[in-house]
Amino acid sequence: AMETIDAKGCPQDSPELLLAGLLQYLSQNSLLSHWYRIWDRPDDYPTSEVRRLTHEDKLHKIDQLNKMSLQNFVGIEHDHWIWLLKSCKLVKETADGDISFTTEDKWKAFLREYDIDAEVEPAKCLGTSKRRYIRLGPKTDNWHASAPLQAKKEKFSPPRCPNISVIGRRLNKDLQFRIEEERNDKEDVWGDTGSNDTDVDISDDANSNECADECTDEYVAECADTGEAAKPCASTHPFPLLQLQCYGLADLDLSDETECDRFKRILGEMVAKQQQHTKEKNVVEYFQLRQNKSTTAVAVRSHKSDDAFQSYHRGNPYLKDVVRCLDKDVKVGALRLSGYLAKYHKDEFIDAANASGVAVTGVLNATESAALYTEAGLGDEQWNTIMRHLRHKFDAKIACSLLSAKAMKDIQCHG
């Protein structure tokens, strides 16, 4: 199992141990030997627009080879998987986001260190571009010596491996939490509650006395009744404000900047404490005031540039959480969000869709429709036929009515 691996001096919660545990589990518990593609690329999953322009044979090869994807088989999100491989120094990423192997020796050393029966090789399967593959599982009588040979024999789908989907879900959640923790350390998402903070220093005499005034009497009485040992100093507690600020929160004057900052830090610690349990990066659950019903909130960030947004969102896709929280059915959530954007931010919605390769356009107004009708030399029947085909293709109204177009044409002619 993943927890039984000898870490060889590696910290128990290290990325190396997580990856080694996963690969060792696949190697020991898969029914057959199988070659997996180590990581995926964006062109492995072409958009609907690109698929329409791609030859059917090439699409078939892409879809078949995607079945050999290791990250897909385990069920780990792409950004989480790349983070894990990068943390183990087995791949590297360029500024443009391109992923490449580090060295063959590093992979061999990693597999040797954790005693994993596996092989890695670069290969061109089905005549496609060279990719990196890893073989995992016992070598039975019919095992394939290389990834291209396995693909040639059309053995794309991985063999059964008990509980791999459960392990994948747990690992995915664990990686999600680790990535967020790493980002919090770098970007101070929830604010610094350490003793060096200039706004609220919980370790100085004034704040210590203030906390003592609020909590000491009742706390000491409680300890005397229960025989409970004294708790550690607040400055060493992972959530110092929650440890000390037991009372008086309702009396905070949030119009006062200092007290407002103090309240936000307490709230930040409460959120972080819940996330430590749920492993969620952005979603917070709470009970609405005077209602015995749990609801959710999603934390989002403001970014100075689109590059900053893209960089942050690759590792922490909080908009995905927004869609997920809008409805239990993700499709319904996506429809609600996209419907709102299409209605209230129409131009931006169209621009974003077109930039993503999805053919989206607005409705031709009377002037544009009149120009199309006139310059193309269309008759009424031809116009109606064209509009009918376009409406069927895009499942939406494409232009204003023929009556409006002809009225505008008359206006332009008489003008």
Side-chain angles (χ1 to χ4, degrees), residues 42-56 58-59 62-63 96-97 282 296-314 317-415:
D43 55 356
D44 293 326
Y45 305 95
T47 64
S48 57
E49 183 66 24
V50 173
R51 291 184 73 90
R52 283 198 293 268
L53 301 174
T54 304
H55 194 275
E56 186 176 345
K58 184 176 181 180
L59 285 178
I62 291 174
D63 293 339
D96 297 329
N282 307 301
T296 54
V298 179
V300 300
R301 290 178 62 91
S302 176
H303 304 276
K304 294 181 179 179
S305 66
D306 187 61
D307 288 341
F309 164 73
Q310 297 292 347
S311 176
Y312 183 87
H313 202 262
R314 273 197 298 269
Y318 50 80
L319 292 182
K320 179 180 179 181
D321 291 324
V322 170
V323 171
R324 179 165 58 91
C325 289
L326 285 172
D327 194 88
K328 292 181 180 180
D329 187 337
V330 176
K331 291 183 178 179
V332 175
L335 282 172
R336 288 175 180 172
L337 180 59
S338 57
Y340 173 85
L341 294 173
K343 183 175 181 179
Y344 295 103
H345 302 277
K346 179 179 177 181
D347 293 339
E348 292 77 10
F349 175 80
I350 292 173
D351 289 344
N354 290 334
S356 299
V358 180
V360 176
T361 182
V363 177
L364 293 175
N365 59 31
T367 302
E368 294 167 332
S369 299
L372 174 61
Y373 182 86
T374 304
E375 293 179 17
L378 299 176
D380 293 0
E381 186 175 346
Q382 293 171 314
W383 170 273
N384 290 330
T385 300
I386 292 172
M387 291 300 112
R388 185 172 67 254
H389 281 279
L390 290 177
R391 276 196 304 271
H392 176 74
K393 173 64 178 177
F394 295 104
D395 194 24
K397 181 180 179 181
I398 299 298
C400 69
S401 68
L402 176 60
L403 185 63
S404 299
K406 294 176 72 173
M408 178 58 67
K409 174 189 173 186
D410 293 340
I411 293 172
Q412 291 173 340
C413 290
H414 289 93

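Keep in mind that what you see is a predicted model, and the values were worked out from it rather than measured. In this chain, numbering begins with 1 at the start of the sequence shown.
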Side chain to side chain donor-acceptor pair (under 3.5 Å) partners of [X], counting only residues at least two apart:
| X | answer |
| --- | --- |
| H389 | none |
| T296 | none |
| D321 | N282, R324 |
| D380 | Y373, K406 |

Report task. Establish, for the pair R301 and Y318, whether the NZ or CZ atom is under 6.0 angstrom from the six-membered ring centre and no further than 45 degrees off its axis. Result ->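 No, R301 does not lie over the aromatic ring of Y318.
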
Query raised in the report: Among all residues two or more places apart in sequence or in another chain, which pass the side-chain contact (heavy atoms from CB on, under 4.5 Å) test with D306?
Result: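 Listed in chain order: F309, Q310.
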
Report task. With sequence neighbours excluded, tell me which residues meet side-chain contact (heavy atoms from CB on, under 4.5 Å) with Q382. Result ->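 Expected list: L378.
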
Taking only residues two or more places apart in sequence or in another chain, which ones pass salt bridge (charged side-chain N to carboxylate O under 4.0 Å, His left out) with [X]?
| X | answer |
| --- | --- |
| K320 | E77 |
| R51 | D63 |
| D43 | R41 |
| D347 | none |

Query raised in the report: Is the backbone N or O of L372 less than 3.5 Å from a side-chain atom of E375, with the two atoms forming a donor-acceptor pair by type?
Result: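 Not a single qualifying donor-acceptor pair exists.
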
Query raised in the report: For the side chain of S311 and the backbone of D307, is there at least one donor-acceptor N/O pair under 3.5 Å apart?
Result: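 Pair absent, no side-chain N/O of S311 close to backbone of D307.
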
Query raised in the report: Nearest heavy-atom pair of S369 and C400: which atoms, and what distance?
Result: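 Taking every non-hydrogen atom into account, OG-SG, 3.3 Å.
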
Report task. Please report the shortest heavy-atom distance between L319 and H313, naming the atom on each side. Result ->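 Taking every non-hydrogen atom into account, N-NE2, 3.1 Å.
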
Query raised in the report: Heavy-atom distance under 4.5 Å between the side chains of P46 and I62, does that happen here?
Result: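 Touching, per the 4.5 Å side-chain cut-off.
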
Query raised in the report: Which is it for V332 and L326 under the side-chain contact (heavy atoms from CB on, under 4.5 Å) test, yes or no, and what are the steps along the way?
Result: CA-CA 8 Å; V332 175; L326 285 172; over 6 Å; no

Query raised in the report: Looking at CG of L53 and OG of S48, how far apart are the two atoms once the value is rounded to the nearest 0.5 Å?
Result: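 One finds 10.0 Å between CG of L53 and OG of S48.
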
Query - Those residues that, when tested against Y45, pass ring-ring contact (aromatic ring centres under 6.0 Å, His included) (two or more places apart) - result: none

Query - Sequence neighbours excluded, every pair satisfying side-chain hydrogen bond (donor to acceptor under 3.5 Å, both in side chains) that has a member inside residues 328-345 - result: D327-R336

